[in-house]
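Step one of this worksheet: look at the structure below.
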Number of protein chains: 2
Amino acid sequence: MDEQNSTLGDVKDYLLQKKINPSYQRLKILEYLMNSQSHPTVDIIYRTLFEEIPTLSKTTIYNTLNLFIEKGLITGLTIEENEVRYDANTAPHAHFKCTMCGKVFDIPIDFPPQVGTTVYGHIVKEKHFYMKGICKDCTGRPA
Amino acid sequence: MDEQNSTLGDVKDYLLQKKINPSYQRLKILEYLMNSQSHPTVDIIYRTLFEEIPTLSKTTIYNTLNLFIEKGLITGLTIEENEVRYDANTAPHAHFKCTMCGKVFDIPIDFPPQVGTTVYGHIVKEKHFYMKGICKDCTGRPA
DNA sequence: TTCTCTGCAAACGCTTTGCACGGAT
DNA sequence: ATCCGTGCAAAGCGTTTGCAGAGAA
């Protein structure tokens, strides 16, 4: 399970393999995404990396994330209408968002229809499954 | 299958039963939602009803939809990050959005986990499943 | 009169765009 | 010298908020 902690070197190789120029900002953003389980928003990425890169701008984060999505390295999650979250986990899985603490968990379940098949005549290219509720850390906690 | 065409009278009774004052705007908005299969955005609702109610404002539509969501009459769908769509179908079902024509179809499938149960220790309160791809009307059509 | 609904206008917050500076080759 | 990445500032766009006028009871 040590793909959970990629080094900067690993990330650099990965970017090169995907034909993306591995600038410092891109390295740090992808490293953060790959090592965090938190499905961060742009704002969380910004606030975290800003401590280390005080010149970082949100524009660069948007540019970079959109580039990564375009190249298929990450996917954007739309759980709440006004915030996009980003996920570097490429295996099919579902998400669970806790309405109390706001955390988003990966849920390793999958089910038909599979991408590439058809449902009721429609060709499936992407599928997204997410749930909301109270996570196990917040169960029993006062509102 | 004639719940697909509710009359204004039906809609009025429904609002009264839910303890919502049945103003003309509210009646028309709910009637439109209940009779359309298209999961409209605010903009679509606005442009459609504006023809009949030229004084209608988007603010009223937002007010009304948020009231309906609060009272549990409808749900908001977040498929694309920058647009909320609204659905008056309260049975559990999935959605399919065509990336060519933009239409959203109801897909009558459902699967575990059910609302009220737990997954990996988390209590499920809501679940959402949607797919994207090419709908059967657009299959084979040139891009 | 009192309370609620409506709708204009302005504010808001996230994301994108325009553009110029700077670093790398 | 050229190209590409970065990041400031402004624009864009869907949604919410403030508030005043209209309508119902």
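Nothing here was measured: the structure is a model prediction, and the numbers come from that model. The chains referred to below are lettered A, B, ... by the order of the sequence lines, with proteins before strands, and numbering in each begins at 1.
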Problem set entry | A:K19 bridged to A:E70 by N-O distance under 4.0 Å | no
Problem set entry | Heavy-atom neighbours of A:K12 NZ exceed 12 at 6.0 Å | no
Problem set entry | Salt-bridge present (A:D13, A:K18; N to O < 4.0 Å) | no
For this session: Give the rounded distance in Å between these two atoms: CZ of A:R47 and P of C:dG13.
Result: 14 Å
Problem set entry | Whole angstrom value for the distance that separates C1' of D:dG5 from CG of A:L30 | 16 Å
For this session: Taking the six-membered ring of A:F96 (Phe, Tyr or Trp), confirm whether the NZ or CZ of A:K136 is under 6.0 Å from its centre and within 45° of its axis.
Result: no
Exercise. Taking the six-membered ring for Trp, is the centroid-to-centroid distance between B:F105 and A:H122 below 6.0 Å?
Worked result: yes
Exercise. Which part of the nucleic acid, if any, lies within contact of A:D43, taking any heavy atom under 4.0 Å across all strands shown: a base, the sugar-phosphate backbone alone, or nothing?
Worked result: nothing
Exercise. Which distance, rounded to the nearest 0.5 Å, do you find between the CG of A:L8 and the CG of A:D10?
Worked result: 9.0 Å
Problem set entry | Atom pair distance, as rounded to whole Å: CD1 in B:I61 and P in C:dT6 | 11 Å
Exercise. Rounded to whole angstrom units, what separation is found between the NZ atom of A:K58 and the P atom of D:dA10?
Worked result: 17 Å
Exercise. Quick one: which of C:dT15, D:dT15, C:dT17 gets closest to the side chain of A:Y62?
Worked result: C:dT15
Exercise. Is there a residue in residues 11-27 of chain A whose heavy atoms reach under 4.0 Å of DNA chain C, and which residues are they?
Worked result: none
Problem set entry | Distance below 4.0 Å between A:T60 side-chain N/O and D:dG7 OP1 or OP2 | yes
For this session: Just call it for A:T55: base, sugar-phosphate, or nothing, with non-hydrogen atoms closer than 4.0 Å on any strand.
Result: sugar-phosphate
For this session: Write down the distance between CG (B:N82) and P (C:dC12), rounded to a whole number of angstrom.
Result: 22 Å
Exercise. Rounded to the Å, how far apart are A:Y46 OH and D:dG7 P?
Worked result: 10 Å
Problem set entry | No-H, no-angle donor-acceptor pair, B:T59 side chain to C:dC8 base, under 3.5 Å | yes
For this session: For A:L56 and D:dG7, give me the distance from atom CG to atom P, rounded to whole Å.
Result: 6 Å
Exercise. Within this structure, what is the CD1-to-P distance between A:I29 and D:dG7, rounded to whole angstrom?
Worked result: 9 Å
For this session: Verify, without hydrogens or angle tests, whether B:T48 (side chain) and B:I44 (backbone) share a donor-acceptor contact under 3.5 angstrom.
Result: yes
Exercise. For C:dT16, does OP1 or OP2 lie under 4.0 Å from any side-chain N or O of A:N66?
Worked result: yes
